[in-house]
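The figures that follow rest on heavy atoms only: side chains count, while hydrogens, waters and symmetry mates do not.
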Amino acid sequence: MSGPLEFLIVLAVLGGLVVFVTAPLRRARTPGDDSAAPGVAELEAAREAKYRELRDAELDHSTGKLSDDDYEEIDRSLRAEAIEILRALDRERALPSHGQ
Amino acid sequence: MATVGRALLIMALGVTVYGIGASLYGARRGRRAWIDSGRRAVYALGALATLAFAILEAAFLRSDFSFNVVAQHSSTTTPTFYKLAAAWSSQEGSLLLWVFLLSVWSSLILFLTRRRVREIAPYATAVLLGFGAFFTSLAVFFANPFATSAQPPTEGAGLDPLLLHPSMMIHPPMLYSGYTLLTIPFAFAVGALVTGRLGAEWISMTRRFALAAWLFLGVGILLGARWSYTELGWGGYWAWDPVENAALMPWLCITAFIHSIMIQEKRGMLKVWNASLVLASGTLSILGTFLVRSGILDSIHAFGASTLGIPFVLLIAAMVIGSIGLILWRREQLRSDARLESLLSREAVFLFQNLVLVAMVAVVFWITFFPLISEALTGTKVSVGPPAFRPFIVPLALILVLLSGVGPIIAWRRVTAANLRRSFAVPVCVGAATLVVLLVWPGGPAARPFALIMFALAGFVLATVVQELWRGTAARRAMTHDPVPLALVGLVRRNRRRYGGYIVHAGLAVLLVGVAASSSFQHSQDVLLSPGQRASVDGYTIRYVRPTEAVSSQKISFGAVLDVSKGGKHVTTVHTIRNFYPSQNPADGLIGKFFDSADSDSQVGLDAGLRRDIWTVINVDPSHLAPLINQGDTLFANYAPSVMTQAAKMPPARAQQAMNALWAERDLAVAEIARRFVSHPWPTEFLLIVDPLVTWIWLGALIIGGGGLIALWPVPSLARRRAAVRKRARPSASPGLPVREPA
Amino acid sequence: MSGGGPLQRRVGESAPGMDPSRKRAIRLTVALTAALLLAAALVYVSFSAGNKEVTASQLLTHGRPGQTYELAGTVVDGSVERQGATMLFRIRDPKLHVSVPVRYTGVVPDPFAAGRAVMVAVREQGAAYIGQQNSLTTKCPSKYQAAAASE
């Protein structure tokens, strides 16, 4: 392969690279970012984990690993924790800063 | 094209350095645009590394010997399939493979998580790009895969024949995928520690990365073992070689993490421990790459110091010091939210399991590095060797199997005596029954207590998994009234993590039964046989029926057909072959170079079965042909030069004809000499092995892989399910909570 | 933990009067003791069962008859000779021009060949060094390429 052609290829790749990587910097700032704020995302993940825990406890109970009393107690406390998370989530969503 | 390749690597180095700066600046100043630009730097690295790798692969496919790596590791006669694999048999190519896999995996993960873990991601991006910068600069400054020579040779040196195995195509990329995937949880852990956000979101994400790395690394290790068993001609699958240990250590570490992270998820405990495990896994994966590539340990005398040693040591030191520093800095946030309530709970079992796994890592690390440790302490290098692993690893493995059975049937937080009895009765009985049956079995494994215990424990574990699946299915059927198979599938689908994990445990039990049986009850014999003679191994009579011989342009193959019988009844016929590849050393002679045992490998004659493998290998000594070979060499040494001088004076077409005639005569002579192996066979050495349950290892590995895939598979239409659950739960007292559903 | 009949008593929970911090201290002590025992055993085994790893020149100058050494080095070109199941070869010091003869019986891994790095446990006996049966190990083949590149 000839020298100049290789040079052109390298130049083209370099150009494409610079354009691609710096694109976000040239973009006008878009205020209405649709993604969740970090606090919301964190709480949503915590909620998912709590739901999973609830399901796990239920499965443990139905397969005979948890006694009825223990299950009632664990389920109650897990639900209380889940409600806590849901409330926190509502508070976080209600914040005016959400969505920036 | 080599210039383009090198330019791509330099650009890749530039883009990584830019990306690190952009990500860190964006994160510190809260500038979204810079963070996005930093993430794009990872995608760009992915594209550049892919292009560079494609150029290198294309050079291998075209047999472009102006590339030094191609000339050193491939040849025109190398099969196309292996030309592709030859790229990573070189130091330079494997570094490029590392960069390629790292950048592709990082790009994929960062793309998938682009809207999540917003605060952690820029730091993780910077760390990943840091690894990218390190390996790219190695490829740019120390081991350039695009180095060329002005006078390319007309033929390459060829690929080491030992690497001509299908596993070689897949084993290094799998292993490297595992290693590179381990850097991703590492990077996200660093990001989480820097930002102090080690919450639920980080956990759920890191767990998946860790699981993926665990799966790939595991597959890589297993393929390596399989290759060793079928290709290396020594009859084993695991030699405690530093290169193997290098992959095993991060794998054990990440296995521990996958379990203990669940305790953090559920109970908010063990945060320091989990952060340490994930950072240690990442560091061990770099250490593993270093061991594989530098040859510092097993071969320090043979190879001298590799040029890559110092940069790697610096990187590992930075990772260790940085990890410890970050954990100490964040120790306040890493305090546990809860305490262990009971020593008989699933979290306690996980904790024990973690301690056992970490102890295993410590044992493997200490014994592997002992030559270096002892040299530093006493001035003399002392090597301990494979037998030293056994007294430690065997008991630890037994405890591990026991725990892998106990874990699934014990509840989180606490248990009651009644529940314990209900969960353990059947599995314990199965384990005990296994033990009793094996003890009274005539000629059974009673003589080997460790193997015996392993079998009993495996019975226990398998029973727990079956019981769990059965009870889960029954509970589901009580709600849905589905037929059993449908209920089972539904159960596993709805609880992928849990049942995927249980299936992995079953696979582990099967695999370790294979390991225990095959290492305790192997019978092997090294014999010298002439055609018609027989040897006996573990009740099997193996008869050397006839020698075989085949000559092709690539190799000469000497083999033997062996007939295996037991008690006079035919069992199987196996064919083992020793291949000799022409050497590149001109001193070996025009004929002799085809019979050089330095470039030879064996093809195992294997009859694999569920109960036992019959494994045979022939070791042909071609020196019996030495008089004929020498005669041929002398003849051609006198004859060939005169043909060549004559040919030089002829027109090209005629010269080619004359040379072809000469090579045809040489090939005829080689074929004639090789035929002596069949016409005048001499006593030949065989290694004959009868090994029980080896197939269980590969079966167990398949089960483990399947279970891992189930656990890793994304939950289908999670959003839809969540919406459905919410809708159903709304009217209830606790808004948004899932109602109690069938399992 | 609330009541329940005798069957409901939770297993593994210690006596109610026990101070939780003392319980933690006991657990920690047990774990540390186990770790210490493991470490001690590891150190003991590795120093007592280990063989000195030597090169050919070290073996010639410091080797004592009867003691077993782990000999590491390169197989000398053209030195490999088979006599039935026994194999004779010489192992060279990679840095010095010194080599020692080795008599070996047992499994020979495929990667074994002249010019390659191997390790074998040997004991001096007469003029030769006797290799322990099945102690010959060779390196992962991926290394040879690295060696060629870094040399």
Assess the residue pair C/R123 and C/T68 against the criterion (side chain to side chain donor-acceptor pair (under 3.5 Å)); give the C-alpha distance rounded to whole Å, side-chain angles, the decisive distance to 0.1 Å, and a yes or no. CA-CA 5 Å; C/R123 201 161 34 79; C/T68 305; 4.6 Å; no

Step by step, would you call C/S79 with C/R90 a side chain to side chain donor-acceptor pair (under 3.5 Å)? CA-CA 6 Å; C/S79 72; C/R90 297 186 72 88; over 6 Å; no

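Side chains of B/N579 and B/Q603: a donor on one and an acceptor on the other come within 3.5 Å. No donor-acceptor contact under 3.5 angstrom links the side chains of B/N245 and B/W240, judged on distance only. Using a 3.5 Å distance cut-off with no hydrogens or angles, the side chains of C/S46 and B/W366 do pair a donor with an acceptor.
Contact annotation for residues 31-44 of chain C against chain B (heavy-atom separation below 4.5 Å, listed by residue number): C/L38, C/A41, C/L42, C/V43.
In terms of the side-chain hydrogen bond (donor to acceptor under 3.5 Å, both in side chains) criterion, residue partners of B/S228 (sequence neighbours excluded) are, by chain and number, B/W234.
At a 4.5 Å heavy-atom cutoff, the contact between B/N619 and chain C is made by side-chain atoms alone.
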